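If you're wondering where the values come from, they're calculated on a predicted model, not measured in any experiment. Letters A, B, ... are given to chains in the order of the sequence lines, protein chains preceding strands, and every chain is numbered from 1.
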There are 2 protein chains.
Amino acid sequence: MKQSKSKHAILGLLAQGSGSGYDIKKIVEQKISHFWNESYGQIYPILKDLAATKLVSRKVERQTGKPDRQVYTITARGRASLDDWLSEPAQFQVLRNETLLKLFFGHESDTDANLRLIQRYRDYHLQLIDGCAELEKELKRDHPGDTDLPYWLMTIDHCRVEARAVLRWCDVTLKKLADLDEPTRGRKPRATPVRQRR
Amino acid sequence: MKQSKSKHAILGLLAQGSGSGYDIKKIVEQKISHFWNESYGQIYPILKDLAATKLVSRKVERQTGKPDRQVYTITARGRASLDDWLSEPAQFQVLRNETLLKLFFGHESDTDANLRLIQRYRDYHLQLIDGCAELEKELKRDHPGDTDLPYWLMTIDHCRVEARAVLRWCDVTLKKLADLDEPTRGRKPRATPVRQRR
DNA sequence: GATCGCATGTAAGTGGTTACATGATTTA
DNA sequence: TAAATCATGTAACCACTTACATGCGATC
C-alpha cells in the first residue's frame, strides 16, 4: 500500500481534530472539496491501515439511538509521518480537463456544440465562485480566531482567483467562437442537424 | 471496457490525422500535455479495441531500418462515435491539488516549508507560461492556416490565463505567509529544525 | 410511508501508471 | 560504446469509484 496522497490527507485532517470516518468525509466535502475528494471506499480502509501501523489510535464511542462511532486520533508517530510528508515537495500531477479536450477538437464539432461547451464551463465556474464566498463566510463564522483559519482561507482564495480567470477566458473564448462561425453562416441558421461537421 | 475519456481523446486525435500509437503519444506530449496525458499502457490497448469495434482501421506500413508502423485511420463509424461524444456535455472532475492540500495543513507545518511549497508552485507556473508561449510559436509555425489551429490556440490561452492568475495568487500568498510568521519570530532565526511545528 | 442523516464497511470493477521486453539505427 | 530515437506491446500493480448491505431515529 502506498496511497501516500489519500493517506496523508486523512492524517492531516485528523491532526486538525480527532474524528470518525464519517466525520472525515463531511470535512472533505465541506472544507476541501474545491481541490480534493475522498470516497468512503478509500477512507475506511485507510483508517484501518493507519490504525494498524500505529499512526492513529482508535476508540469506540457508544451512542444511544445512533450507531457507535469509531473515533480516530493521531499519535506521535502519525505526527512524525505527517511532518515528513509536509516537508517533502508536492507533486504537480497533470490535470485532465475534458472541456479543453473537446474544445481542442472544436473543428471536428459544430459551433453550437462548442458554444454550449464553454457556456456550461462558464456556469460551473460562476457557481464555484459563489461556493467559495459561501464557504469563506461559513468558516469565518464557525472558526473565528482559529490558527488553521488563515491557511484555509488561502486555499479558498486560490479557488476564487483561478475561477475568475477562467470566467474571463470563457467570455473571450465565446466571442472568438462566434467570430469563427460568422463568415460561414449568415446568422442563426438554426436547423443544423446534430451529426454534422465543418 | 468504458474508458470513454481516453478512448475519445485518441479517436479525436485520429480524426485530426491518421497515425500510429507512437504518433499519438508524441502528439499528446507536444500539443495537449498542458491539460491531458496518455500513457502507452492506455494507448495501445485502446487502439486495439477501437480497431476491433471498427471505429478505426489499421494498416501496416513497412519501413526499412525502422520497425513497422501500425497506422490507424478513423472510420465513418468512428466519426459518428466522436460526434456523439462531442455533443455530450463535458464532465468536471474534481482536480486534486497536492500543493493546496499541504497549504491547508499549513499550521501543522512550519513557515519555511510553507514558503518553499508556494515558491515551487510559483516556479512551476512560471515555466508553464513559458511552455505556453513556446507551444504557441511552434503551432503557428508548423500549422499556418490550419482550420484546427484557432481551437488549439484557445486551449493554450486557457492554460496561460490560469497560470498567470495562479502566479499572482502565489505572490499574494507568499506575503501573507511571511506576515503570519512575523509576530512569532523576530526575523530569520534560520536554525529551525525540520520536525518542528507551531 | 418515504426519505434523510447518522454510521461503518466491503466487493467488484475501472482507469490508469510503471516497468519491462524486444531490437534496429542513429547520434554523441 | 553508451545513449537516444523509433516502435509495439504486455503484466502487474495501484488508486479510486460505485454500488451495495445494514439499521436506527427523526423529519417531512
[X] [atom1] to [N] [atom2]: how many Å, rounded?
X	N	atom1	atom2	value
A:Asp68	C:dG9	CG	P	10 Å
A:Asp49	C:dT10	CG	P	12 Å
A:Ile46	D:dA15	CD1	C1'	9 Å
B:Glu38	C:dT18	CD	C1'	15 Å
B:Arg62	D:dA7	CZ	P	14 Å
B:Tyr44	C:dC20	OH	C1'	14 Å
A:Lys5	D:dC16	NZ	P	7 Å
B:Ile10	C:dG15	CD1	P	13 Å

State, to 0.1 Å, how close [X] and [Y] come at their nearest heavy-atom pair, and which atoms those are.
X	Y	answer
A:Glu98	B:Ala90	OE2-CA, 4.0 Å
A:Asp49	A:Lys7	OD2-CD, 4.3 Å
B:Asp23	B:Gly19	OD2-CA, 3.5 Å
B:Thr155	B:His34	OG1-CE1, 3.5 Å

Can you tell me if B:Lys176 has over 12 outside heavy atoms packed within less than 6.0 Å of its NZ? yes
Tell me whether the count of non-hydrogen atoms from other residues, nucleotides or ligands lying under 6.0 Å of NZ in B:Lys25 goes above 12. yes
Looking at the side chain of [X], which of [options] is the nearest nucleotide?
X	options	result
B:Gln70	D:dG9, C:dG9, D:dT10	D:dG9
B:Arg69	C:dG16, D:dA7, D:dT10	D:dA7
B:Ser39	C:dT17, C:dC6, C:dG9	C:dT17
A:Lys66	C:dT8, C:dA7, D:dC16	C:dA7
B:Asn37	C:dT17, D:dG9, C:dC6	C:dT17

Looking at A:Glu38 and B:Arg96, is there a salt bridge between them, counting it only when a charged N and a carboxylate O are closer than 4.0 Å? yes
Quick one: do A:Asp123 and A:Arg120 make a salt bridge, cutoff under 4.0 Å? no
Near DNA chain C, counting only heavy atoms under 4.0 Å, which residues of residues 20-36 of chain A show up? A:Ser20, A:Gly21, A:Tyr22, A:Lys26
When the nearest nucleotide of DNA chain D is assigned to A:Pro67 and to A:Tyr40 on a heavy-atom basis, which residue is associated with the more 5' position? A:Tyr40
Toward the 5' end of DNA chain D, by each residue's nearest nucleotide, B:Arg58 or A:Gly41: B:Arg58
Can you list, in residue-number order, the parts of residues 90-104 of chain A that come under 4.0 Å of DNA chain D, counting heavy atoms only? none
Do A:Asn114 and A:Thr111 have side-chain atoms, one donor and one acceptor, less than 3.5 Å apart? no
Looking at B:Ser6, does any N or O in its side chain come under 4.0 Å of the phosphate oxygens OP1/OP2 on C:dG16? yes
Taking the six-membered ring of A:Trp85 as reference, does the NZ or CZ atom of B:Lys102 fall below 6.0 Å from its centre and within a 45° cone about the axis? yes
Quick check: on DNA chain C, is the nucleotide nearest A:Lys48 upstream (toward 5') of the one nearest A:Gln63, or the reverse? Name the residue that is more 5'. A:Gln63
